[in-house]
Amino acid sequence: MKLSVFSDEHFMKEAYKQAEMAFEAGEVPVGAVIVAENRVIAKAHNQTERLTDVTAHAEMLALTSAFNYMGGKYLQECTLYVTLEPCVMCAGAQFWSQLGKLVYGASDSKRGFSLHGKKILHPRTEVTKGLLAVESEALLNQFFSKLR
């Protein structure tokens with residue numbers, strides 16, 4: 001199978017690279033990339049420790065960057081790729097941005113938005129889950145095993 005430069009797998013690998021950067025920086029390894037018209041317009045990784053800001057999740061930082069790039073507050077034509085299922089805070093921000101599509105890797109059985117149902121996301125947001133889930137979960141497990 002040939003990997004297209006415009007495939008969900010390709011863009012999720014870019015998000016995974018961001019997660020690896022977070023890991024190297026001592027942050028919880030979550031990475032996010034936002035794509036519009038097959039072009040990466042924003043990328044980020046968790047920076048809660050570096051910025052001493054509990055809201056500095058990868059998704060929140062990427063959303064802010066995407067708003068700046070787009071010159072507006074709506075991302076209806078955009079796709080967010082993130083290595084871990086968004087929390088309720090991040091899903092709420094995605095709701096208000098009217099995000100077109102969400103693709104995430106590992107599920108978060110403790111804090112993921114799906115614990116509360118898809119209604120937290122905008123009704124038109126398309127969701128794909130489980131892409132690079134094994135790799136994303138392994139990186140998270142490696143990170144947390146170092147802390148114990």
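This one's a predicted model, so the numbers in the text were calculated from it and none came from an experiment. Computed from heavy atoms alone, side chains included, the values below leave out hydrogens, waters and symmetry copies.
- If you take CD on Gln76 and OG1 on Thr125, they are separated by 9.5 Å, rounding to the nearest 0.5 Å.
- Under the 30°/60° scheme for interplanar angles, the aromatic rings of Phe11 and Phe6 are found to be tilted.
- Residues meeting the ring-ring contact (aromatic ring centres under 6.0 Å, His included) test with Phe95, sequence neighbours left out: His122.
- For the pair Tyr104 and Leu84, the minimum side-chain heavy-atom distance is 4.5 Å or more.
- One hydrophobic cluster, built from ILVMFWY side chains closer than 4.5 Å, holds both Val30 and Val127.
- In this structure the side chain of Lys101 never reaches within 4.5 angstrom of the side chain of Leu80, judged on heavy atoms.
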- prompt: Between Glu14 and Lys17, does a salt bridge (Lys or Arg N to Asp or Glu O under 4.0 Å) hold up when you go through it step by step?
  reply: CA-CA 5 Å; Glu14 293 300 310; Lys17 289 177 188 175; 3.0 Å; yes
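- Contact record, Ala106 with Leu140: CB-CD1, 4.5 Å, taken as the closest heavy-atom pair.
- Side chains of Glu85 and Ser114: a donor on one and an acceptor on the other come within 3.5 Å.
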task: Under the side-chain contact (heavy atoms from CB on, under 4.5 Å) rule, what do Val33 and Val35 come out as? Steps first, then yes or no, please.
output: CA-CA 7 Å; Val33 168; Val35 174; 4.0 Å; yes
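- Here Thr83 contributes atom OG1 and Tyr16 contributes atom OH; the two are 8.5 Å apart, rounded to the nearest 0.5 Å.
- No chain of hydrophobic side-chain contacts below 4.5 Å, direct or via other Ile, Leu, Val, Met, Phe, Trp or Tyr residues, connects Met21 to Phe23.
- Interatomic distance, Thr79 OG1 to Tyr81 OH, rounded to the nearest 0.5 Å: 4.5 Å.
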message: Quick one, His116 with Val88, criterion side-chain contact (heavy atoms from CB on, under 4.5 Å). Give me CA distance, side-chain angles, the key distance, then yes/no.
response: CA-CA 8 Å; His116 306 282; Val88 174; 3.3 Å; yes
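- Proximity of Gln94 to Ile120: side-chain heavy atoms (C-beta onward) are nowhere separated by under 4.5 Å.
- In this structure, Pro86 and Ala91 approach most closely via the heavy-atom pair CB-N, 4.2 Å.
- Here CE of Met12 is found 4.5 Å from CG of Leu131. Values are rounded to the nearest 0.5 Å.
- Atom SG in Cys87 sits 11.0 Å away from atom CG in Leu115 (nearest 0.5 Å).
- Atoms CG and SG, on Leu102 and Cys78 in that order, are 12.5 Å from each other to the nearest 0.5 Å.
- In terms of heavy-atom proximity, Met89 sits nearest to Val54 at CE-O, 4.3 Å.
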Indicate every side-chain donor-acceptor pair of residues 40-52 with a distance under 3.5 Å to a residue at least two apart or in another chain.
residue	atom	partner	partner atom	Å
His45	ND1	Gln18	OE1	3.2
Asn46	OD1	Ala58	N	2.7
Asn46	ND2	Val28	O	3.2
Gln47	OE1	Arg50	NH1	2.7
Thr48	OG1	Glu27	OE1	3.4

Enumerate, atom names and distances included, each donor-acceptor pair closer than 3.5 Å involving a side-chain atom of residues 60-75, sequence neighbours excluded.
residue	atom	partner	partner atom	Å
Thr64	OG1	Met60	O	3.2
Asn68	ND2	Thr64	O	3.3
Tyr69	OH	Arg39	NH1	3.2

